[in-house]
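Read through the structure below, which is laid out as structure tokens, and then see the notes.
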Amino acid sequence: MLIRRPDDIPPSEIADPAVYRARRRFMTQAGGLALATALPAARAAPASLGPLTASPLSTAEPATSRRAVTGYNNFYELGTDKADPAENAFRLRPAPWTVRVEGLVNKPRSFTIEELLKLAPLEERIYRMRCVEGWSMVIPWVGFPLASLLRQVDPQGSAKYVEFVSHYDKATMTRGVLDWPYLEGLRLDEARHPLTLLAVGLFGEVLPVQNGAPIRLVVPWKYGFKGGKSIVAIRLVEKQPVTTWMKAGPSEYGFYANVNPEVDHPRWSQATERRIGEFTKRRTLMFNGYAEQVASLYGGLDLRRNF
Ligand SMILES: Nc1nc2c(c(=O)[nH]1)N[C@H]1C(S)=C(S)[C@@H](COP(=O)(O)O)O[C@H]1N2
Ligand SMILES: [Mo]
């Protein structure tokens, strides 16, 4: 195995060693590019291999423990208890992986994970996340804006919504419970919003399977369920998609699913939340604290009806 001498590495590439190791591990998992990155000819490494950019869009709040973030999950394909996804992680193989981007676009195509990582520099984005069930976390995601991917496929004028299809394999995953494959959706302007992330990692490391490896959606002003995991297809469509949770409970789960302390879920108050690791409840903030950036997307929309 070829190893670069320290003086082969431009200062711009020197990252936190943990981050660097994680990236190497990712590339190995993602299809054996590790060797290519070690070759001197590849010194001008693709942007996606550069150090993580710290994002001004990150919250300054302390991150939830890695243990909770990777051990307390909703990923029903891998079981319905919070501990199940971590335990059943071995059932999903995150490599090799491709994501089809199709529908109302001028340049439909499939992207391998390696290709996706080259689309934009990877950023660390520390986001508040809130589940409709009433718990919240602060998660240091690693990813790139979904907008960077959408630009590549050139959406047509008739495209108004984006549908996200998760991986499903009935031989190895939960049967029944929900309608599979798991589907999520966003309006095109929400999908293009700079806060909307495709995550490929957390805590500077490759995304664990239970968190949606190798690539998942993260939309911090919406309830956690909007963040489809282990995405295999992204479809640009004209009509508002019917998502998995809308099918499961149309009176409980709307298309928008914006965090809104003023509109309760029939079974859970949305006024307060329990931050995992804390004992006193917090007041839930409008749009999960991202109102300044996203409220303008919903001018004229009755958020009580469009929940
Ligand atoms: N494919 C898929 N994606 C999913 C889910 C799921 O069951 N399957 N659960 C959602 C819900 S309800 C939540 S709260 C978040 C949890 O993400 P996390 O486990 O990374 O915190 O994932 C969302 N994405
Ligand atoms: Mo959730």
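Remember, it's a predicted structure, so these values are computed and weren't measured experimentally. Both ligands and their constituent atoms are indexed starting at 1 by order of listing. Basis for what follows: all heavy atoms, side chains included, without hydrogens, waters or symmetry-related copies.
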Item to check | Protein heavy-atom partner closest to atom 8 (N) of ligand 1 - residue, atom, separation in Å | outcome: Glu77 OE1, 2.7 Å

Checklist outcome for this item: With heavy atoms and a 4.0 Å threshold, my read on which part of Met129 contacts ligand 1 is neither

Checklist entry - What part of Phe75 sits under 4.0 Å from ligand 1 if we count only heavy atoms: the side chain, the backbone, both or neither? => result both

Checklist entry - If you measure from the Lys or Arg side-chain nitrogens to the Asp or Glu carboxylate oxygens, is any gap between Asp302 and Arg304 under 4.0 Å? => result no

Checklist entry - Hey, is Ser230 one of the residues with a heavy atom under 4.0 angstrom from ligand 1? => result no

Item to check | ligand 1 contact by Arg216, heavy-atom criterion under 4.0 angstrom | outcome: yes

Item to check | Close N or O approach (Ser166, ligand 1; < 3.5 Å) | outcome: yes

Checklist entry - So, for Phe307 and Tyr253, is the gap between ring centers shorter than 6.0 Å? => result no

Checklist outcome for this item: The closest protein heavy-atom partner of atom 22 (O) of ligand 1 is Lys229 CE, 3.3 Å

Next on the checklist: Can you tell whether the side chains of Lys281 and Glu273 come within less than 4.0 Å, N to carboxylate O?
Outcome noted: no

Item to check | Member of Lys226, Lys229, Lys247, Arg235 meeting the salt bridge (charged side-chain N to carboxylate O under 4.0 Å, His left out) criterion with Glu184 | outcome: Lys226

Next on the checklist: For atom 15 (C) of ligand 1, what is the closest protein heavy atom, and at what distance to 0.1 Å?
Outcome noted: Gly224 O, 3.4 Å

Checklist entry - What atoms of ligand 1 come closer than 4.0 angstrom to any heavy atom of Cys131? => result 14 (S)

Checklist outcome for this item: The protein heavy atom nearest to atom 7 (O) of ligand 1 is Tyr76 N, 2.8 Å

Checklist outcome for this item: atom 21 (O) of ligand 1: closest protein heavy atom, distance to 0.1 Å, is Asn73 ND2, 4.2 Å

Checklist entry - So with a 6.0 Å cut-off around CZ of Arg305, is the heavy-atom count from everything else above 12? => result no

Checklist entry - For atom 24 (N) of ligand 1, which protein heavy atom lies nearest, and how many Å away is it? => result Gly227 O, 2.8 Å

Item to check | Pairing of Lys222 and Glu190 as salt bridge, 4.0 angstrom limit | outcome: yes

Checklist entry - Aromatic ring centroids of Trp180 and Tyr76 under 6.0 Å? => result no

Checklist entry - Quick one: nearest non-hydrogen protein atom to atom 9 (N) of ligand 1, plus distance? => result Asn74 O, 3.2 Å

Next on the checklist: Ignoring hydrogens and geometry beyond distance, is a side-chain donor-acceptor pair present between Trp245 and Tyr182 at under 3.5 Å?
Outcome noted: yes

Checklist entry - Do Tyr290 and Trp221 have their ring centres less than 6.0 Å from each other? => result no

